[in-house]
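The structure under discussion appears below in the form of structure tokens.
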Amino acid sequence: MAIERTFSILKPDATERNITGAINALIEKAGLRIVAQKRIRMTREQAETFYAVHKERPFFGELVDFMISGPVVVQVLEGEGAIAKYRDVMGATDPSKAADGTIRKAHAKSIGENSVHGSDAAETAKIEIAQFFSGNEIVG
Ligand code: ATP
Ligand code: MG
């Protein structure tokens with residue numbers, strides 16, 4: 001399998017509880033490398049653009065409000081099959097359905113405040129990385 005890059009966000013519920021290091025430890029234990037990382041506060045416009053695919057969903061307003069409610073850590077992760085691997089490490093969107101050993105099982109508070117985001121496909125990974133990082137900020 002090829003070396004890929006995926007985009008990750010440690011969401012406001014993670015920064016609020018000071019568990020970004022605990023989550024990074026699970027990411028690294030899975031064999032993914034954090035090749036770019038910065039702590040930012042998303043603007044409403046950035047969050048709306050980022051989650052535009054969900055704009056017709058009933059939870060869209062709540063999701064955007066949550067994503068701008070505190071700092072987030074945006075990351076680029078690199079590794080063999082990184083996109084699917086990180087989705088596995090994250091676990092199901094709803095933490096009550098997430099498998100043992102996953103980030104969301106261990107840390108997520110609810111289906112909305114679920115600690116992490118990870119890209120769902122190669123094309124979205126590319127778009128999401130470019131929304132938050134310039135090429136010289138990614139050091140593999
Ligand atoms: P993400 O895109 O953040 O990695 P995901 O791909 O597992 O998560 P999506 O279906 O893309 O899940 O939903 C995006 C985000 O919207 C979820 O991570 C969660 O924060 C929020 N969300 C999804 N479903 C609900 C819901 N029913 N109620 C509240 N928030 C939700
Ligand atoms: Mg998603």
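First listed ligand is number 1; within each ligand, the first listed atom is number 1.
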Query raised in the report: What are the atoms of ligand 1, with element, lying closer than 4.0 Å to any heavy atom of M90?
Result: 4 (O)

Query raised in the report: Hey, are the side chains of M67 and P12 touching, using non-hydrogen atoms and a 4.5 Å cut-off?
Result: yes

**Report entry** Side-chain touch Q131/F7, heavy atoms, less than 4.5 angstrom
**Finding:** no

Report summary line: Near G118 (heavy-atom distance under 4.0 Å), the atoms of ligand 1 are 4 (O)

Query raised in the report: Using heavy atoms and a threshold below 4.0 Å, how should the contact between L63 and ligand 1 be classified: side chain, backbone, both, or neither?
Result: side chain

Query raised in the report: Side chains of R17 and S115: closer than 4.5 Å at any heavy-atom pair?
Result: yes

Query - Heavy-atom nearest neighbour in the protein, as seen from atom 1 (P) of ligand 1, with distance rounded to 0.1 Å - result: H117 ND1, 3.1 Å

Query raised in the report: For atom 9 (P) of ligand 1, which protein heavy atom lies nearest, and how many Å away is it?
Result: H54 NE2, 3.6 Å

Query raised in the report: Short N/O distance, under 3.5 Å, between T93 and ligand 1?
Result: yes

Query raised in the report: In terms of side-chain heavy atoms, does E137 have a donor or acceptor partner in S134 at a distance below 3.5 Å?
Result: yes

Query raised in the report: What atoms in ligand 1 come closer than 4.0 Å to a heavy atom of N114?
Result: 17 (C), 18 (O), 19 (C), 20 (O)

**Report entry** Co-membership, hydrophobic cluster, residues I34 and V116, 4.5 Å side-chain
**Finding:** yes

Query raised in the report: Is the closest side-chain heavy-atom distance between H117 and K11 below 4.5 Å?
Result: yes

Query - Salt bridge present between D94 and R104 (N-O < 4.0 angstrom) - result: no

Query raised in the report: Counting N and O atoms only, with roles assigned by atom type, does the side chain of E4 sit under 3.5 Å from a partner on the main chain of I83, one being a donor and the other an acceptor?
Result: yes

Query - Proximal atoms of ligand 1 relative to K11 (non-hydrogen, under 4.0 Å) - result: 3 (O), 17 (C), 18 (O), 20 (O)

Query - Sub-4.0 Å heavy-atom approach of Y51 to ligand 1 - result: yes

Requested in this report: Provide the number and element of each atom of ligand 1 under 4.0 Å from a heavy atom of G112.
Outcome: 19 (C), 20 (O), 30 (N)

Report task. Would you mind finding which of R104, E113, E128 brings a heavy atom closest to atom 8 (O) of ligand 1? Result -> R104

Report task. Give the ring-plane orientation class for F59 versus H54, where under 30° counts as parallel, over 60° as perpendicular and anything between as tilted. Result -> tilted

Query raised in the report: Which residue holds the protein heavy atom closest to atom 19 (C) of ligand 1, what is that atom called, and what is the gap in Å?
Result: I111 O, 3.2 Å

Report summary line: In this structure, atom 29 (C) of ligand 1 is nearest to the protein heavy atom F59 CB, 3.6 Å

